[in-house]
Amino acid sequence: MPTIVHFDVPAEDVERAKIFYSALLGWKYESYPEMQYNLITTTNLDGTPGVGGGMGKRMEPSQRMLNYFGVSSIDAAMNQVKTLGGKVLTEKMAVPGMGFLANCMDTEGNMFGLWQEDPQAK
């Protein structure tokens with residue numbers, strides 16, 4: 001069953017947001033300056049690794065936190081979104097060496113992302 005595999009946090013001031021979430025939730029960050037992005041490491045309450053995320057500069061005023069659901073085939077999932085009455089807002093995009101993502105909207109106007117892990121992504 002697909003579940004949340006990644007969350008994305010847009011920020012006006014990334015450094016300020018990193019300090020906030022680190023102090024509040026204990027998040028750890030790994031910076032990728034070439035992508036202007038930070039990967040987030042979380043820990044579950046029992047100490048096991050939690051869902052990973054990312055943080056970068058907010059690209060537009062309406063951009064909000066977004067959850068990405070892991071799927072085995074992003075192409076099939078995108079087609080299913082459309083068939084079920086949802087919308088694909090951002091077509092399949094490669095994250096080199098990591099996988100593919102697409103941003104969608106459900107029938108209720110909620111945005112979500114799809115993620116297919118693929119180390120061969122280019």
Side-chain angles (χ1 to χ4, degrees):
M1 175 184 301
T3 188
I4 296 171
V5 296
H6 181 85
F7 61 91
D8 191 62
V9 180
E12 294 298 323
D13 182 326
V14 174
E15 291 306 312
R16 178 178 65 201
K18 285 170 60 177
I19 291 167
F20 176 84
Y21 283 107
S22 179
L24 179 66
L25 303 173
W27 290 358
K28 306 282 188 249
Y29 304 92
E30 183 178 349
S31 179
Y32 287 81
E34 66 281 1
M35 295 179 5
Q36 298 180 337
Y37 199 69
N38 298 275
L39 287 181
I40 300 168
T41 301
T42 69
T43 305
N44 292 318
L45 294 176
D46 66 2
T48 59
V51 173
M55 181 183 293
K57 185 81 173 151
R58 186 181 313 278
M59 303 302 249
E60 60 181 71
S62 65
Q63 187 179 7
R64 299 289 178 250
M65 282 192 192
L66 191 64
N67 291 314
Y68 285 84
F69 296 91
V71 295
S72 58
S73 168
I74 198 163
D75 294 318
M78 288 168 50
N79 286 334
Q80 192 170 18
V81 165
K82 295 173 191 174
T83 298
L84 294 170
K87 297 177 184 170
V88 175
L89 304 174
T90 305
E91 293 293 329
K92 178 180 172 180
M93 179 180 359
V95 178
M98 295 183 183
F100 297 97
L101 65 85
N103 294 331
C104 304
M105 184 178 290
D106 70 14
T107 56
E108 309 311 306
N110 299 303
M111 291 184 57
F112 65 96
L114 299 171
W115 174 258
Q116 177 188 328
E117 190 170 328
D118 184 346
Q120 305 303 316
K122 295 179 186 181

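- Every side chain to side chain donor-acceptor pair (under 3.5 Å) that Asp106 has, sequence neighbours left out, goes to Asn110.
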Show which side-chain atoms of residues 113-122 pair as donor or acceptor with protein atoms under 3.5 Å away, not counting sequence neighbours.
unit_1: Gln116; atom_1: OE1; unit_2: Ile74; atom_2: N; d: 2.8
unit_1: Asp118; atom_1: OD1; unit_2: Gln120; atom_2: N; d: 2.8

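- Pairs engaging residues 25-53 under the ring pair (Phe, Tyr, Trp, His ring centres under 6.0 Å) rule: Phe7-Trp27, Tyr21-Trp27 [sequence neighbours left out].
- Connectivity analysis of hydrophobic side chains (ILVMFWY, heavy atoms under 4.5 Å, direct or indirect) links Met1 to nothing; its cluster partners are none.
- Considering all non-hydrogen atoms of both residues, Val71 and Ala77 come closest at CG1-CB, 4.0 Å.
- Residue Met59 shares its hydrophobic cluster (ILVMFWY side chains chained together at separations under 4.5 Å) with no other residue.
- Not a single ring-ring contact (aromatic ring centres under 6.0 Å, His included) links Phe112 to another residue, sequence neighbours left out.
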Donor-acceptor list for residues 85-98 side chains, cut-off 3.5 Å, not counting sequence neighbours:
unit_1: Lys92; atom_1: NZ; unit_2: Asp75; atom_2: OD2; d: 3.2

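- Both Ile4 and Val9 sit in one connected hydrophobic cluster of ILVMFWY residues. Membership requires side-chain heavy atoms under 4.5 Å apart, directly or through other members.
- Rounded to the nearest 0.5 angstrom, Lys28 NZ and Ser22 OG are separated by 5.5 Å.
- Under a hydrophobic-cluster definition in which Ile, Leu, Val, Met, Phe, Trp and Tyr are linked whenever side-chain heavy atoms come within less than 4.5 Å, directly or via other members, Leu66 and Leu25 are assigned to different clusters.
- Qualifying side-chain contact (heavy atoms from CB on, under 4.5 Å) partners for Thr43, counting only residues two or more places apart in sequence or in other chains: none.
- Within the structure, the ring pair (Phe, Tyr, Trp, His ring centres under 6.0 Å) test picks out the following pairs touching residues 53-84 (sequence neighbours left out): His6-Tyr68.
- Looking at residues two or more places apart in sequence or on another chain, you find no ring-ring contact (aromatic ring centres under 6.0 Å, His included) involving Phe100.
- Not counting sequence neighbours, the partners of Glu60 by the side chain to side chain donor-acceptor pair (under 3.5 Å) test are Ser62.
- No chain of hydrophobic side-chain contacts below 4.5 Å, direct or via other Ile, Leu, Val, Met, Phe, Trp or Tyr residues, connects Leu101 to Met65.
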Under 3.5 Å, side-chain donor or acceptor atoms of residues 48-58 against the rest of the protein: list the pairs with distances, not counting sequence neighbours.
unit_1: Thr48; atom_1: OG1; unit_2: Asn44; atom_2: ND2; d: 3.0
unit_1: Thr48; atom_1: OG1; unit_2: Asp46; atom_2: OD1; d: 2.6
unit_1: Lys57; atom_1: NZ; unit_2: Glu12; atom_2: O; d: 2.3
unit_1: Arg58; atom_1: NE; unit_2: Glu12; atom_2: OE2; d: 2.8
unit_1: Arg58; atom_1: NH1; unit_2: Gln63; atom_2: O; d: 2.3

